[in-house]
Novice: 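The structure under discussion is supplied below as C-alpha cells; questions concerning it will follow.
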Amino acid sequence: MSACTTNGPAEATPERAAEDQTAAAETVRRYFDAYNAGDVQALNENSCAATQRTEATPPPYPTIVRIVGTPVITGDSASVPVSMSISTDKFSPPSPSSTVTLPLVRDGGRWTFCLVERPANG
C-alpha cells in the first residue's frame, strides 16, 4: 500500500501551514500600511467584503503594528497576534503598546482583514 494517494482534497502540510501563516502576517502588514497612508484601494484589497470602504483618510498619527507571535490558522479563519502603538511624532517615543489578536478570514482564496466596527450607542 502506498503512503501517497491522489484521491480526495489535498491535506494540510507543514509547508502549506507556514505559507498560510506568512500570508496572514503579510495581510496585516499591508492593511496597516494602507491604513496609515489612507489608501482606500489597498485597504479594500486586504479587507473582507463586509469591511470594504469608499473613502479613507490617513490618521493624524501612524499606527505601528508588529507581529508578536505565530498566526493561528483554523480552516478559513486566522488570528494574528500583534503589538500596536501610536507614533505621536518623530521626536517622541511611540505610545505604550497593546497586544491584541487581529481576525482574518480567507476570502476568495486569500487572507483578508475582517474587523467590523460597531457603531457607538448614543
Side-chain angles (χ1 to χ4, degrees):
M1 183 162 156
S2 171
C4 296
T5 64
T6 57
N7 297 333
E11 291 185 31
T13 64
E15 293 81 15
R16 174 66 182 181
E19 289 172 8
D20 269 349
Q21 291 168 336
T22 298
E26 282 297 307
T27 296
V28 169
R29 183 194 58 77
R30 286 190 310 269
Y31 179 88
F32 279 95
D33 285 350
Y35 172 77
N36 286 328
D39 183 343
V40 72
Q41 180 179 345
L43 280 167
N44 288 341
E45 289 170 358
N46 292 286
S47 298
C48 65
T51 62
Q52 299 288 302
R53 301 170 181 225
T54 57
E55 59 183 46
T57 303
Y61 302 109
T63 301
I64 301 167
V65 177
R66 290 185 179 86
I67 308 297
V68 295
T70 303
V72 175
I73 310 294
T74 307
D76 287 338
S77 298
S79 298
V80 182
V82 300
S83 170
M84 299 178 84
S85 60
I86 304 296
S87 176
T88 55
D89 66 42
K90 63 183 177 182
F91 301 109
S92 301
S95 68
S97 64
S98 297
T99 301
V100 298
T101 302
L102 299 176
L104 277 70
V105 297
R106 195 181 321 259
D107 187 9
R110 62 189 178 82
W111 290 109
T112 59
F113 186 76
C114 201
L115 183 62
V116 178
E117 297 177 21
R118 293 183 185 157
N121 291 337

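Atom set for the values below is all heavy atoms of this structure, side chains included, hydrogens, waters and symmetry mates excluded. Keep in mind that this is a model prediction, so the values were computed, not measured.
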Novice: Using the side-chain contact (heavy atoms from CB on, under 4.5 Å) criterion, which residues pair with T27? Sequence neighbours excluded.
Specialist: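 For T27, the residues satisfying side-chain contact (heavy atoms from CB on, under 4.5 Å) (neighbours in sequence not counted) are R30, N46, L104, W111.
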Novice: Taking salt bridge (charged side-chain N to carboxylate O under 4.0 Å, His left out) as the test, write out the residues that go with E26, two or more places apart.
Specialist: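 So E26 forms a salt bridge (charged side-chain N to carboxylate O under 4.0 Å, His left out) with R29.
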Novice: Considering residues at least two apart in sequence or located in another chain, which fulfil the side-chain hydrogen bond (donor to acceptor under 3.5 Å, both in side chains) criterion with S97?
Specialist: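 Per chain and number, S97 pairs via side-chain hydrogen bond (donor to acceptor under 3.5 Å, both in side chains) with S83.
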Novice: What residues, two or more places apart in sequence or in another chain, satisfy side-chain contact (heavy atoms from CB on, under 4.5 Å) together with Q52?
Specialist: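 If we apply the side-chain contact (heavy atoms from CB on, under 4.5 Å) test to Q52, skipping adjacent residues, the hits are N44, S47.
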Novice: Return the minimal non-hydrogen interatomic distance between T88 and P93, and the atom names on each side.
Specialist: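 It is OG1-O, 4.0 Å.
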Novice: Pair up each side-chain donor or acceptor in residues 73-80 with any protein partner under 3.5 Å, not counting sequence neighbours, and list the distances.
Specialist:
from	atom 1	to	atom 2	distance (Å)
D76	OD1	R106	NE	2.9

Novice: Can you list everything that forms a side-chain contact (heavy atoms from CB on, under 4.5 Å) with Q41? Sequence neighbours excluded, please.
Specialist: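 Partners of Q41 by the side-chain contact (heavy atoms from CB on, under 4.5 Å) criterion, ordered by chain and then number, come out as D39, E45.
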Novice: Table please: side-chain donor-acceptor pairs of residues 58-71 below 3.5 Å, with sequence neighbours left out.
Specialist:
none

Novice: A side-chain contact here means heavy atoms from C-beta on lying under 4.5 Å apart; do V82 and V100 qualify?
Specialist: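 Side chain of V82 against side chain of V100, heavy atoms only: contact under 4.5 Å found.
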Novice: Over all heavy atoms of both residues, which pair between C48 and D107 is shortest? Give the atoms and the distance, please.
Specialist: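 Here C48 and D107 meet closest at CA-OD2, 3.7 Å.
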Novice: Given 3.5 Å as the limit, does a donor-acceptor pair link the side chain of T22 with the main chain of E19, or not?
Specialist: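 It does not hold such a pair.
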Novice: Can you name the residues that form a ring-ring contact (aromatic ring centres under 6.0 Å, His included) with F113, not counting sequence neighbours?
Specialist: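 Scan of F113 (ring-ring contact (aromatic ring centres under 6.0 Å, His included), adjacent residues dropped) gives Y31, F32.
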